[in-house]
There are 2 protein chains.
Amino acid sequence: MAHILIIEDEKGISDFLKEGLSEEGYEISLASDGEKGLQKAMNNSFDVILMDWMLPKIQGIEVTRKLREAGNQTPVIFLTAKDTVQDTILGLRSGANDYLKKPFSFDELLERIKVQLRKPQSKINHILSHEGIKIDKDKREVKIDNREIHLTQKEFDLLSYLLQNKNKVCTRDEILDKVWDIHFDYDSGVIDVYINSLRKKIKSVKDVNIIETVRGVGYIVKD
Amino acid sequence: MAHILIIEDEKGISDFLKEGLSEEGYEISLASDGEKGLQKAMNNSFDVILMDWMLPKIQGIEVTRKLREAGNQTPVIFLTAKDTVQDTILGLRSGANDYLKKPFSFDELLERIKVQLRKPQSKINHILSHEGIKIDKDKREVKIDNREIHLTQKEFDLLSYLLQNKNKVCTRDEILDKVWDIHFDYDSGVIDVYINSLRKKIKSVKDVNIIETVRGVGYIVKD
DNA sequence: CTTTACTTTTAAGCAAATTTTAAGCTTGGT
DNA sequence: ACCAAGCTTAAAATTTGCTTAAAAGTAAAG
């Protein structure tokens with residue numbers, strides 16, 4: 001689970017935060033002044049830092065600035081009583097990622113922490129796989145048991161669409177709509193031709209038929 | 001300069017935003033309802049989206065959700081009169097990156113936009129390298145096996161962009177958008193010409209072809 | 001202001017790959 | 001056995017990308 005550093009000198013607040021966040025499953029570290037906070041932040045890798053503005057030794061804004069100068073990119077959320085627009089701007093400009101004015105709602109804080117924890121982009125959704133067939137949407141590459149096969153654009157789009165809707169029958173209309181961008185009623189044999197060519201290309205590498213036809217309706221890929 | 005999409009139905013507000021942000025040097029696009037907004041957001045690559053909550057056709061929260069479902073990671077900042085904690089949480093949970101309650105300070109908005117525009121990278125990306133090809137973005141210098149080759153500005157930008165997106169197909173639209181700053185549909189052979197010239201210059205020093213073409217889509221540099 | 005060197009864009013011909021059409025053939029269900 | 005739906009194949013139509021050359025645009029130097 002994610003690891004959060006709280007840099008806050010008022011024990012009441014830090015205890016309250018620690019308790020609440022622990023309950024949510026976060027691992028918490030505390031620092032009671034700017035100096036200790038900076039040191040902890042530099043020597044460990046936290047997922048988020050909650051920062052007070054007014055702190056003993058070094059002010060929060062200065063801690064943030066020094067962190068960024070040192071190349072540390074850990075998301076910083078200010079939690080502070082300094083509530084003017086000017087303060088907010090200074091806080092953000094020092095390198096913080098968000099700025100919450102006290103008193104704040106704990107639930108909102110939770111949600112804003114989650115925003116910072118979001119992965120910039122998970123590749124997870126860009127790779128589909130099914131029985132040894134791997135589709136990498138970024139590279140537009142298809143591998144069967146690690147052997148690459150070349151698909152044309154439409155073949156790739158069609159196969160992706162079928163795998164994306166695994167275990168669900170894709171009707172001809174849906175396929176025409178989503179893969180061919182044809183939104184009206186249209187009758188031609190294109191789909192048949194492409195299904196055929198996909199099956200052929202797959203079979204040339206591995207003797208399976210993953211695309212079943214559902215007579216009168218469309219096609220399906222089952223687990 | 002960064003490109004911002006404003007999805008907002010009240011003309012007064014969108015005009016105000018457009019004027020203020022243009023003055024700051026941002027390029028602005030407008031959408032007056034959720035449907036148009038979603039469409040624009042999907043078909044272009046913006047750097048930030050400013051989103052109203054209550055919109056004709058599709059609500060802002062739904063637009064955000066659909067964007068994220070489709071894998072679009074563009075930062076979204078809600079600008080809305082819905083000011084309860086519960087609304088904020090719903091907004092952020094739908095996939096937004098920040099949430100500002102009306103009336104907000106324009107200066108704070110500006111600063112929060114800048115937060116979203118911050119690149120999550122440091123000096124690492126100033127030097128790209130790939131199979132003996134080294135690009136120094138600061139010096140705008142390209143070396144292949146330590147022999148320098150001269151690239152024109154556009155050639156340099158294009159090669160940088162491709163290397164920055166290593167292992168991901170760069171579509172022609174994306175390239176036109178990011179390298180040529182052309183944000184509308186445009187058909188010309190410029191990209192082909194530049195790819196050709198890049199390949200030629202690289203080959204004149206080392207007999208490799210790092211730029212693969214993905215027919216019907218774009219180009220990719222693979223590891 | 002004009003020249004010159006260079007960069008960027010346009011345009012056109014060509015070759016090759018992709019996509020669509022069409023026609024005959026197979027198959028499953030009644 | 002019949003018929004419609006689906007399969008297979010090959011050829012036609014279309015699109016795409018590569019390559020060149022020339023035109024248009026820019027900026028520095030004379």
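Each chain gets a letter, A, B and so on, in the order the sequences are listed, and its residues count up from 1. Heavy atoms only: backbone and side chains are in, while hydrogens, waters and symmetry mates are out.
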Strand-adjacent residues in residues 197-206 of chain A, judged by heavy atoms under 4.0 Å from DNA chain D = Arg199(A), Lys200(A)

Do side-chain atoms of Lys154(A) reach the backbone of Val179(A) as a donor and acceptor pair under 3.5 angstrom?
-> no

Rounded distance in Å - [atom1] ([X]) to [atom2] ([N]):
X	N	atom1	atom2	answer
Ile195(A)	dG6(D)	CD1	P	11 Å
Arg172(B)	dG17(D)	CZ	C1'	7 Å
Leu176(A)	dT19(C)	CG	C1'	13 Å
Tyr194(B)	dT20(D)	OH	P	17 Å
Lys154(B)	dG25(D)	NZ	P	14 Å
Leu158(A)	dT18(C)	CG	C1'	15 Å
Glu212(B)	dG17(D)	CD	C1'	15 Å
Asn196(A)	dA10(D)	CG	P	11 Å

Would His183(B) and Asn44(B) count as a side chain to side chain donor-acceptor pair (under 3.5 Å) if you check the C-alpha gap in whole Å, the side-chain angles of each, and the deciding distance to 0.1 Å?
-> CA-CA 7 Å; His183(B) 309 300; Asn44(B) 306 274; over 6 Å; no

Scan side-chain atoms only and decide if Lys178(A) and Gln164(A) contain a donor-acceptor pair under the 3.5 Å cut-off.
-> no

Given [options], identify the nucleotide with an atom nearest to the side chain of [X].
X	options	answer
Thr213(B)	dG17(D), dT9(C), dT21(C)	dG17(D)
Asp192(A)	dT19(C), dT10(C), dG6(D)	dG6(D)
Arg215(A)	dT10(C), dT20(C), dA5(D)	dA5(D)
Tyr186(A)	dT21(C), dC7(D), dT9(C)	dT21(C)
Val193(A)	dC18(D), dT18(C), dT20(C)	dT20(C)

Gly189(A) vs Gly189(B), nearer the 5' end of DNA chain D by closest nucleotide = Gly189(A)

Mutual orientation of the aromatic rings belonging to Tyr194(B) and Trp180(B) [parallel < 30°, tilted 30-60°, perpendicular > 60°] = perpendicular

Would you classify Phe156(B) as touching base, sugar-phosphate or nothing, given that sugar-phosphate means primed atoms plus P, OP1 and OP2, and contacts are heavy atoms under 4.0 Å?
-> nothing

Could you tell me whether Tyr219(A) contacts a base, only the sugar-phosphate backbone, or nothing, with contacts defined as non-hydrogen atoms closer than 4.0 Å?
-> sugar-phosphate

Just wondering, are more than 12 heavy atoms of other shown residues or ligands nearer than 6.0 Å to NZ in Lys206(A)?
-> yes

Might you confirm whether atom NZ of Lys66(A) has over 12 heavy atoms from other residues, nucleotides or ligands at distances under 6.0 Å?
-> no

Taking the side chain as every heavy atom from C-beta outward, state whether Val48(A) and Ile77(A) have any atom pair closer than 4.5 Å.
-> yes

Toward the 5' end of DNA chain C, which comes first, Trp180(B) or His150(A), by nearest nucleotide?
-> Trp180(B)

Is the distance from OP1 or OP2 of dT10(C) to the nearest side-chain N or O of Ser188(B) less than 4.0 Å?
-> yes

